[in-house]
**Q** 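Following this message is one structure expressed as structure tokens.
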Amino acid sequence: MAPAGPAERRGPTRRQLLERRRKRRSGLIAAVSTVVLFTVLTAVIVTSDGWPEVRASFFSWDSFTASFPEILRAFKLNVQIFVVAEVCILVFAMLLAVARSSRSPVLFPVRVLATVYVDLFRGVPILLVLFLLGFGVPALRLDGVPSSPVFWATTSLVLAYSAYVSEVYRAGIESVHESQRAAARSLGLSNVQALRFVVLPQAVRRVIPPLLNDFISLQKDTALVGVIGPIEAAREAQIYASRTFNFTSYVAAAAIFLAITIPLTRMTDWLIGRQRERTGGTRVA
């Protein structure tokens, strides 16, 4: 075995020791302040006059175990709507973004229509879109048009979220430097080929973290579809609460959503930190 070099024999430098000490001190302060904060909040809540009633109404273990299986079964509908809507949104939003980013004078009417669409659905609350499509379109009784509330709930989410996601795509497309497009054109690629093979691959890689943020919101907003009839997790919790006059079922539904959204949120943070490191920034824990 080769003898240790001078740097290995010296051990950590004074600066490294100070940095380690600073990190340990910061971690200790953070842990103590967190414990103190939650201790104070817990003490304030559990010593309040109305805590016994709140505990019985929202944190009943018997009600939790009784309602959880049915809510979990209903949550399958949330997952189905989410998966179908996500696939449709990714495709439709990309088409909108490409239409808004087009430069050909011939496609000017397409750009106008895409801009009007994005402005319209970004300005109307999703709940109103659900009401308008979920109740309005089936009432027309058009031949061949589905009347399923699940179909129109999914369609409403697709239409609304496509407007937001298209802007994320468009920001990614515009973040690709013009020299990339010029280099592709100099190699003999057409505008469409340059967009497909050069611009879009770079744009999509850059917008993955914000796309995940939008889809975390989409997963939560599937709880809105119950307002037009489908019995998903939040609607099932409401049915149980109206039957028993106990609101612990809402806590059970919230726990199921948290079990999905928290891992997705942590993965998004990890991707953002990784992207920041690649671009020369400092990763934040």
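Each residue takes its place number in the sequence, starting with 1.
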**Q** Supply the atom-to-atom distance Leu195 CG to Leu200 CG, rounded to the nearest 0.5 angstrom.
**A**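 Output value for this atom pair is 4.0 Å.
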**Q** Taking the side chain as everything from C-beta on, heavy atoms only, tell me whether Trp270 gets closer than 4.5 Å to Arg266.
**A**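 A side-chain contact under 4.5 Å is absent here.
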**Q** Roughly how far, to the nearest 0.5 Å, is the CG atom of Leu211 from the OG1 atom of Thr268?
**A**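 One gets 10.0 Å once the value is rounded to the nearest 0.5 Å.
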**Q** Are Val83 and Leu218 linked, directly or through intermediate hydrophobic residues, by side-chain heavy-atom contacts shorter than 4.5 Å (ILVMFWY only)?
**A**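 Result: yes, single cluster for both.
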**Q** Grouping I, L, V, M, F, W and Y whenever their side-chain heavy atoms are under 4.5 Å apart, do Ile208 and Ile89 come out in a common cluster?
**A**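 The answer is yes; both residues are in one hydrophobic cluster.
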**Q** Return the minimal non-hydrogen interatomic distance between Arg122 and Ala163, and the atom names on each side.
**A**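 In this case the closest contact between Arg122 and Ala163 is CG-CB, 3.7 Å.
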**Q** What pair of heavy atoms forms the shortest contact from Leu90 to Tyr169, and how long is it?
**A**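 Smallest heavy-atom distance, with atoms named: CD2-OH, 3.2 Å.
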**Q** In terms of side-chain heavy atoms, does Arg206 have a donor or acceptor partner in Ser175 at a distance below 3.5 Å?
**A**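 Indeed, the side chains of Arg206 and Ser175 share at least one donor-acceptor pair under 3.5 Å.
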**Q** Tell me, yes or no, whether the heavy-atom count around Leu72 atom CG, taken from other residues, nucleotides or ligands under 6.0 Å, exceeds 12.
**A**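 Check passes, neighbour count above 12.
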**Q** Would you name the heavy atoms of Val198 and Ala184 that are closest together and state the gap between them?
**A**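 Answer, listing the atom of Val198 first, then Ala184: CG2-CB, 3.7 Å.
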**Q** Enumerate donor-acceptor pairs with a distance under 3.5 Å from any side-chain N or O in residues 130-141 to protein atoms, sequence neighbours excluded.
**A**
none

**Q** Can you name the nearest heavy-atom pair linking Ala237 to Tyr250, along with the distance?
**A**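 Heavy atoms only, the tightest pair is CB-CD2, 3.9 Å.
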**Q** Could you go through the side-chain contact (heavy atoms from CB on, under 4.5 Å) check for Val46 and Arg55 one step at a time?
**A** CA-CA 9 Å; Val46 300; Arg55 182 178 58 185; over 6 Å; no
**Q** Any idea which heavy atoms bring Val129 and Ser156 closest together, and the distance?
**A**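 Minimum heavy-atom contact is O-OG, 3.6 Å.
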**Q** Rounded to the nearest 0.5 Å, what's the gap from CZ on Arg24 to CD1 on Ile29? Could you check?
**A**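 Interatomic distance, Arg24 CZ to Ile29 CD1, rounded to 0.5 Å: 13.0 Å.
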**Q** Kindly work out whether a path of hydrophobic side-chain contacts (I/L/V/M/F/W/Y, heavy atoms less than 4.5 Å apart) joins Trp51 to Val251.
**A**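 Both belong to a single hydrophobic cluster.
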**Q** Would a line drawn from the ring center of Tyr117 to the ring center of Phe92 be shorter than 6.0 Å?
**A**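 Ring centroids of Tyr117 and Phe92 are less than 6.0 Å from each other.
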**Q** Side chains of Gln238 and Arg235 only: does a donor on one sit below 3.5 Å from an acceptor on the other?
**A**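 Distance-only check passes for Gln238 and Arg235.
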**Q** Give a yes or no on whether the backbone of Ser60 and the side-chain of Ser63 come within a donor-acceptor separation of less than 3.5 Å.
**A**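 Not a single qualifying donor-acceptor pair exists.
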**Q** Given side chains that start at C-beta, do those of Pro69 and Arg73 come closer than 4.5 Å, heavy atoms only?
**A**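 Yes, side chains in contact.
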**Q** Output the distance between atom CD (Glu232) and atom CD1 (Ile81), rounded to the nearest 0.5 Å.
**A**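 The CD atom of Glu232 sits 7.0 Å away from the CD1 atom of Ile81.
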**Q** Verify, without hydrogens or angle tests, whether Ser102 (side chain) and Ala99 (backbone) share a donor-acceptor contact under 3.5 angstrom.
**A**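 The answer is yes, because a donor-acceptor pair under 3.5 Å joins these two groups.
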**Q** For Pro146, is there any backbone N or O sitting under 3.5 Å from a side-chain donor or acceptor partner on Trp152?
**A**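 Looks like yes, one N/O pair under 3.5 Å.
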**Q** Is Ile256 linked to Ile231 within one hydrophobic cluster, defined over Ile, Leu, Val, Met, Phe, Trp and Tyr using a side-chain heavy-atom separation of less than 4.5 Å?
**A**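 They do not share one cluster, since no chain of ILVMFWY contacts under 4.5 Å joins Ile256 to Ile231.
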**Q** side-chain contact (heavy atoms from CB on, under 4.5 Å), that's the test. Do Ser162 and Leu96 meet it? Break it down for me.
**A** CA-CA 8 Å; Ser162 292; Leu96 287 172; 4.2 Å; yes
**Q** For this output row, return yes or no: ring centroids of Phe257 and Phe75 closer than 6.0 angstrom.
**A**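 Under 6.0 Å, so yes.
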**Q** Working to the nearest 0.5 angstrom, can you tell me the gap between Gln202 CD and Ile173 CD1?
**A**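 Gln202 CD to Ile173 CD1: 11.5 Å, rounded to 0.5 Å.
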**Q** Any side-chain donor-acceptor pair under 3.5 Å between Tyr240 and Asn246?
**A**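 No donor-acceptor contact under 3.5 Å links the two side chains.
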**Q** Check for a donor-acceptor pair, side chain of Gln16 on one end and backbone N or O of Thr13 on the other, with a separation under 3.5 Å.
**A**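 Confirmed, Gln16 side chain pairs with Thr13 backbone.
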**Q** Are Tyr164 and Leu159 grouped together when hydrophobic residues (ILVMFWY) are joined by side-chain heavy atoms under 4.5 angstrom apart?
**A**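 In one cluster: no.
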**Q** Has the side chain of Thr222 got a donor or acceptor atom that lies under 3.5 Å from a matching backbone atom of Gln219?
**A**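 Flag set: sc Thr222 to bb Gln219 pair under 3.5 Å.
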**Q** Write down the atom of Leu157, the atom of Asp221, and the distance for their closest heavy-atom approach.
**A**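 Taking Leu157 first and Asp221 second, the nearest heavy atoms are CD2-O, 4.1 Å.
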**Q** Using a 4.5 Å cut-off on heavy atoms from C-beta on, say whether the side chain of Thr42 contacts that of Thr39.
**A**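 No - every pair of side-chain heavy atoms lies 4.5 Å or more apart.
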**Q** Does this structure show an ion pair linking Glu167 with Arg100, if we count only N-O contacts that are shorter than 4.0 Å?
**A**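 Salt bridge: yes.
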**Q** Taking Ala93's backbone N and O only, do any of them form a donor-acceptor pair with Ser166's side chain (distance below 3.5 Å, no angle check)?
**A**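 No; zero donor-acceptor contacts below 3.5 Å.
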**Q** Can you tell me how far apart OG1 (Thr261) and CG (Leu258) are? Round to the nearest 0.5 Å.
**A**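 Going from the OG1 atom of Thr261 to the CG atom of Leu258 covers 5.0 Å.
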**Q** In terms of side-chain geometry, is the basic nitrogen of Glu19 or Arg15 positioned less than 4.0 Å from the acidic oxygen of its partner?
**A**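 No, no charged N to carboxylate O under 4.0 Å.
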**Q** Apply side-chain contact (heavy atoms from CB on, under 4.5 Å) to the pair Thr155 and Val158, showing each step before the final yes or no.
**A** CA-CA 5 Å; Thr155 301; Val158 170; 5.6 Å; no
